Amino acid sequence: QVQLVESGGGLVQPGGSLRLSCAASRSIFNRNAMGWYRQAPGKQRELVATFTTGGSTNYADSVKGRFTISKDIVENLVYLQMNSLKPEDTAVYYCSGNWFGINYWGHGTQVTVSS
C-alpha cells in the first residue's frame, strides 16, 4: 500500500504562482510514472505533467512553459511549480504514481485561480 498526500493548493489571483507538493510513503526512486493530474468541475480528469520512462517529462499543451514538475528522491517528494496561473487552471490537483503495476492516487488539493 502506498499513500500519496498532496499539499500547497489554495486561492491565487490570475498571474500568480503556487507550488504543489506530493509526499509518497514509499520510495519514488525509478518511479517514472509519477505525475500530476487535475479535474475541473464537470470535466474529466486530465494529465498535467508526468515523468516518463527514461526520466524525461511530459506536459499538457495548456501548461507548457508555465508549469514545471520536479522531484526529490531523497525525501520522496514530487513538486509542481505553477506560474502565470489562469482561471482555467482552477481544479483539484492529484498526484499519482505506479508501484509494481498498481496506480495510486492522492486525495487531491484544490487550486482556485480568481480575482
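If you're wondering where the values come from, they're calculated on a predicted model, not measured in any experiment.
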>> Membership question, hydrophobic clusters at under 4.5 Å side-chain separation (ILVMFWY): are M34 and I73 in the same one?
In response: yes
>> Taking K64 first and then D61, would you say they form a salt bridge - that is, a charged N and a carboxylate O separated by under 4.0 Å?
In response: yes
> Backbone N or O of L11 within a donor-acceptor pair of the T112 side chain at under 3.5 Å?
Replying inline: no
> If we only count heavy atoms from C-beta on, is the L80 to R19 side-chain gap below 4.5 Å?
Replying inline: no
>> Let's go through L85 and F67 carefully: what are the C-alpha distance in whole Å and the side-chain angles of both, what is the deciding distance for side-chain contact (heavy atoms from CB on, under 4.5 Å) to 0.1 Å, and is it a yes or a no?
In response: CA-CA 9 Å; L85 282 161; F67 291 11; 3.8 Å; yes
> Between K71 and Y79, is a side-chain contact (heavy atoms from CB on, under 4.5 Å) present by the stated rule, with each step listed?
Replying inline: CA-CA 6 Å; K71 59 185 174 181; Y79 301 104; 5.9 Å; no
> Does atom CD of E88 have more than 12 heavy-atom neighbours, drawn from other residues, nucleotides or ligands, at distances under 6.0 Å?
Replying inline: yes
>> Keeping E6 on the side-chain end and G108 on the backbone end, is there a donor-acceptor pair under 3.5 Å?
In response: yes
>> In the structure I gave you, are the side-chain heavy atoms of I28 and W99 within less than 4.5 Å of one another anywhere?
In response: yes
> Counting N and O atoms only, with roles assigned by atom type, does the side chain of T109 sit under 3.5 Å from a partner on the main chain of S7, one being a donor and the other an acceptor?
Replying inline: no
> Hey, is the main chain of R66 close enough, under 3.5 Å, to the side chain of Y59 for a donor-acceptor pair?
Replying inline: no
>> Quick check on the 6.0 Å ring-centre criterion: do W105 and Y37 meet it?
In response: yes
> Hey, are the side chains of S114 and P87 touching, using non-hydrogen atoms and a 4.5 Å cut-off?
Replying inline: no
> Are the side chains of T57 and T50 in touch, meaning some heavy atoms are under 4.5 Å apart?
Replying inline: no
> Given C22, which of N76, L4, L77 fulfils the side chain to side chain contact (heavy atoms under 4.5 Å, CB included) condition?
Replying inline: L4
> V78 versus W36: any side-chain heavy-atom pair under 4.5 Å?
Replying inline: yes
>> Could you check whether S17 and N83, counting side-chain N and O atoms only, form a donor-acceptor pair closer than 3.5 Å?
In response: yes
>> If you define the side chain from C-beta out and look only at heavy atoms, does anything of R38 sit under 4.5 Å from K43?
In response: no
> Is the backbone of Y104 close enough, under 3.5 Å, to the side chain of S96 for a donor and an acceptor to pair up by distance?
Replying inline: yes
>> Could you check whether any side-chain heavy atom of V48 comes within less than 4.5 Å of a side-chain heavy atom of Y93, counting everything from C-beta outward?
In response: yes
